[in-house]
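Before any comments, here is the structure.
Positions are given from 1 along the sequence. Indexing begins at 1, ligand by ligand and atom by atom, following the structure's order.
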Amino acid sequence: MQIVRAEEMYEWDRRAMDEYGREGYILMENAGRALAGRIREKFPKDEKFLVLIGGGNNGGDGYVIARILKDQGFDVTAVQVVPDEKIEGDALYHKNVYTKSGYDLAELTEQEWNRGTVVIDAMLGIGVKGPLRPPFDDLVRDVNLYGMHRVSIDIPSGLPADEGEEEFEAVKADTTFIVQAPKLSLFTEHTSGYYGEAEVVDIGLPPLSVTDPAREWRAEEDVKEGYPRLPASAHKGSRGKGLLIGGAQMMPGALVMAAKASIRSGAGLTTAATVPGNIPSAAGSLPEVMFMGTEEVDGVISGIDTDSLTGKDAVAAGIGMGRKEPGRAVMETLLKETKVPLLIDADGLYHLRFLLDVLKEREEVTVVTPHVKEMADLTGESTGEVKRNPFSISSKFARDYGVYVVLKGPHTIITAPDGRQIVESSGNEGLAKGGSGDVLTGILLTMLMQHEHPLEALANGCFLHGKSAELLTAGERTVYDLLPTDVVEGLSSVFRTYIKE
Ligand SMILES: NC(=O)C1=CN([C@@H]2O[C@H](COP(=O)(O)OP(=O)(O)OC[C@H]3O[C@@H](n4cnc5c(N)ncnc54)[C@H](OP(=O)(O)O)[C@@H]3O)[C@@H](O)[C@H]2O)[C@@H](O)CC1
Ligand SMILES: Nc1ncnc2c1ncn2[C@@H]1O[C@H](COP(=O)(O)OP(=O)(O)O)[C@@H](O)[C@H]1O
Ligand SMILES: [K+]
């Protein structure tokens, strides 16, 4: 499903009209009808609806919804919250249809606020600009104040559609029925909560690609389709030989979790390279994994035998590695000498910020997997800026350095060097625990070895990781007690439910 900026949504609508011969008022009828259909399915007939209608096309959708719900016998009070001269074009057409149907408009009184049980917010859509002007400033506050179930049409009124906006006041919706395609603000941290439960409603616009390069929200079905099959003739070489490098003396756990995740997610053979002191205990808990000692200074990795890179299908480095000086040279060697896909995570990202010129020179596939803070450190932006602009900041970094970026969070944004983006939303707050990222690294290492296209590999890996958490917390675990090691074990159910033929 395409994710759009406001201007791309307008472009989609414009092309539907200008190039595909669809009339604007018919598109609005279709939109309102589809939205009313979802409202009807969601709410019982004894609800009392208060429809608030603004002065643009969002209000036009509101007129259609109010009419259709009334046609079908629902208890609806409709209020136009702007003066008559503000209603124009397709919205005016539908206002006329509404009034010719014999339906009234009401004044917004205390009584109406108290009578309604569901408020339909069709005041402002993606056309909102700047701080709210009267009467919307008070109306938005009132909608949030009264105890009705709040249903926003397309977008909670006042909320920006795109990323980047810092100051706004908006309806805090319980439910948002998004028109045709999700907007960027559904995925950014400071705005996504305003949508409440969000559902995208297909209003029947012709399928046109309006985002270039593509920006896509992953659906579960896409995962199965793009997942490489495991033939009966598979052997360990064909499933991938991976190398994981990390783990300082005080941090052996990260590497153990990543290695376990790597073999559980299907790697043929995983080798873990770490400081020699960690090997006896780690090897005891992971009999399927091969271990290799690195050079060591002060308990951290200070060098790696580059022969160990030969014969590998992918390499992941940086987890639990520590931030001491010797790590930087190790990362530099890896960037220069790894001729297969190289994934860099955690402390590896810390060192990477001093090696950006080396990164730029590197020609083979490189993946970085930062969370927001690591992304901020890599780019020199503040964490606030990264949170507000995750799409554009990821995209710029990916293009500038020719890398794949996995910006982790509740909605993980995966960007290819050409700017294509996939949003993976599986997972839940149970994953907000030290070690979740290490598990993801192990899974992604395996995915990179088994998929033809890195973008697909990364999206599928994030799906396995997130879905494992979801399935576990739907069953025996809760978001409170879920452990990263559980997520590794939970991979079996994800494969059984979503991947297996
Ligand atoms: N066209 C499409 O692609 C499709 C559009 N569709 C639907 O149309 C919606 C977009 O409609 P839109 O473009 O008419 O804008 P919209 O959100 O109604 O706002 C404009 C109104 O808001 C006002 N206003 C703005 N800022 C304000 C502020 N700060 N404070 C106060 N007022 C402010 C502005 O007032 P003005 O500046 O003119 O005084 C004007 O009256 C979209 O969300 C979806 O629901 C779908 O049906 C199908 C595809
Ligand atoms: N609230 C959340 N909802 C969904 N996924 C989450 C949430 N919090 C964290 N995650 C996921 O958990 C992982 C955490 O990675 P990271 O921040 O590197 O953790 P750590 O460094 O502690 O291992 C990422 O894949 C991220 O997408
Ligand atoms: K709205």
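Taking every heavy atom of Phe136 and a limit of under 4.0 angstrom, the matching atoms of ligand 1 come to 31 (C), 32 (N). Listed by atom number, the atoms of ligand 1 under 4.0 Å from Val128 heavy atoms are 25 (C), 26 (N). Less than 4.0 angstrom separates some heavy atom of His465 from each of these atoms of ligand 2: 12 (O), 13 (C), 25 (O). Distances below 4.0 Å separate heavy atoms of Gly427 from the following atoms of ligand 2: 4 (C). Remark: ligand 2 atoms within the under-4.0 Å shell around heavy atoms of Gly434 are 22 (O). Distances below 4.0 Å separate heavy atoms of Met9 from the following atoms of ligand 1: 3 (O). Under a 4.0 Å criterion applied to the non-hydrogen atoms of Leu124, ligand 1 contributes the atoms 17 (O), 22 (O), 23 (C), 24 (N), 32 (N), 33 (C). Every atom of ligand 1 is numbered from 1 in the order shown, and the set under 4.0 Å from a heavy atom of Leu132 is 29 (N), 30 (N). Those atoms of ligand 2 that come under 4.0 Å of a heavy atom in Gly435, given as number and element, are 20 (P), 22 (O), 23 (O). If you number the atoms of ligand 1 from 1 as listed, the ones under 4.0 Å from a heavy atom of Lys86 come out as 36 (P), 38 (O), 39 (O).
More than 12 heavy-atom neighbours from other residues, nucleotides or ligands sit within 6.0 angstrom of CD on Glu169. A 6.0 Å sphere centred on CD of Glu197 holds no more than 12 heavy atoms belonging to other residues, nucleotides or ligands. Atom CD of Glu189 is surrounded by 12 or fewer heavy atoms from other residues, nucleotides or ligands within 6.0 Å. Taking a 6.0 Å sphere around CZ of Arg420, one finds it holds 12 or fewer heavy atoms contributed by other residues, nucleotides or ligands. With a 6.0 Å radius and a threshold of 12 heavy atoms from other residues, nucleotides or ligands, Glu489 has its CD atom above the threshold. Counted within 6.0 Å of CE on Met250, heavy atoms from surrounding residues, nucleotides or ligands total 12 or fewer; the atom is thus considered open.
The protein reaches atom 23 (C) of ligand 1 closely, with a heavy atom under 4.0 angstrom from it.
Summarising the geometry of Thr383 relative to Val372, their closest heavy-atom pair is O-CG1, 3.7 Å, with the distance given to 0.1 Å. In this structure, Glu424 and Ala459 approach most closely via the heavy-atom pair CG-O, 3.6 Å. Scanning all heavy atoms of the two residues, the minimum distance from Pro156 to Tyr194 falls at CG-O, 3.2 Å. Considering all non-hydrogen atoms of both residues, Ala254 and Asp438 come closest at CB-OD2, 3.5 Å. Among all heavy-atom pairs drawn from Thr497 and Leu471, the shortest one is OG1-CD1, 4.0 Å.
Side-chain contact between Lys183 and Asp162: absent, with no pair of heavy atoms (C-beta onward) separated by less than 4.5 Å. Annotation: side chain of Leu482 is in contact with side chain of Val487 (closest heavy-atom distance under 4.5 Å). Under the 4.5 Å side-chain criterion, counting only non-hydrogen atoms from C-beta, Met257 is in contact with Thr485. For the pair Val201 and Gln180, the minimum side-chain heavy-atom distance is 4.5 Å or more.
Residue Arg14 does not touch ligand 1, judged by heavy-atom distances below 4.0 Å. Looking at Tyr10 against ligand 1, both its backbone and its side chain come within 4.0 Å, counting heavy atoms. In Pro131, the part holding a heavy atom less than 4.0 Å from any atom of ligand 1 is the backbone. Heavy atoms from both the backbone and the side chain of Asn57 come within less than 4.0 Å of ligand 1.
Not a single heavy atom of Ala346 sits less than 4.0 Å from an atom of ligand 2. The shell of residues lying under 4.0 angstrom from ligand 1, judged by heavy atoms, includes Lys129. Contact between His411 and ligand 2 is absent, with no heavy atom of the residue lying under 4.0 Å from the ligand. Not a single heavy atom of Ile155 sits less than 4.0 Å from an atom of ligand 1. Using a 4.0 angstrom heavy-atom cutoff, Ile153 does not count as in contact with ligand 1.
Remark: ligand 1 and Ile203 share no N or O pair separated by less than 3.5 Å (distance only, no angle test). The N/O atoms of Gly130, backbone and side chain alike, include one that comes under 3.5 Å of an N/O atom in ligand 1. Taking any N or O of Leu205, backbone or side chain, none lies under 3.5 Å from an N or O belonging to ligand 1. Note: no N/O pair closer than 3.5 Å links His371 and ligand 2 by distance alone. Residue-to-ligand polar distances place Gly125 within reach of ligand 1: an N/O pair is separated by less than 3.5 Å. Every N/O-N/O distance between Leu440 and ligand 2 stays at or above 3.5 Å. Polar contact check, Lys408 against ligand 2: a nitrogen or oxygen pair lies under 3.5 Å apart. Note: an N/O pair closer than 3.5 Å links Thr412 and ligand 2 by distance alone.
The heavy atom nearest to atom 15 (O) of ligand 1, considering only Ala181, Ala122, Gly56, Gly127, is found in Gly127. Among Val179, Asn58, Asp137, Ile178, the residue whose heavy atom lies nearest to atom 9 (C) of ligand 1 is Asn58. Closest to atom 46 (C) of ligand 1 by heavy atom, among Asp61, Asp13, Leu139, Val82, is Asp61. Of the candidates Gly437, Ala432, Cys462, it is Gly437 that places a heavy atom closest to atom 15 (O) of ligand 2.
Vertex the K ion (ligand 3); arms to Asp121 O and Leu124 O; angle rounded to 10 degrees, 150°. Ile153 contributes O and Ser157 contributes OG; the angle these two atoms make at the K ion (ligand 3) is 180°, rounded to 10°.
Ring geometry, Tyr25 versus Tyr93: the interplanar angle falls from 30° to 60°, so the pair is classed tilted.
Ring-centre distance between His411 and Phe187: below the 6.0 Å cut-off. Between Phe463 and Tyr227, the gap from one ring centroid to the other reaches at least 6.0 Å.
When only non-hydrogen protein atoms are considered, atom 43 (O) of ligand 1 lies nearest to Asp154 OD2, 2.5 Å.
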Fill in: Test side-chain hydrogen bond (donor to acceptor under 3.5 Å, both in side chains) applied to Asn460 and Arg218, step by step
CA-CA 9 Å; Asn460 282 347; Arg218 245 346 193 38; 3.2 Å; yes
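With salt bridges taken as basic N to acidic carboxylate O contacts below 4.0 Å, one links Glu29 and Arg67.
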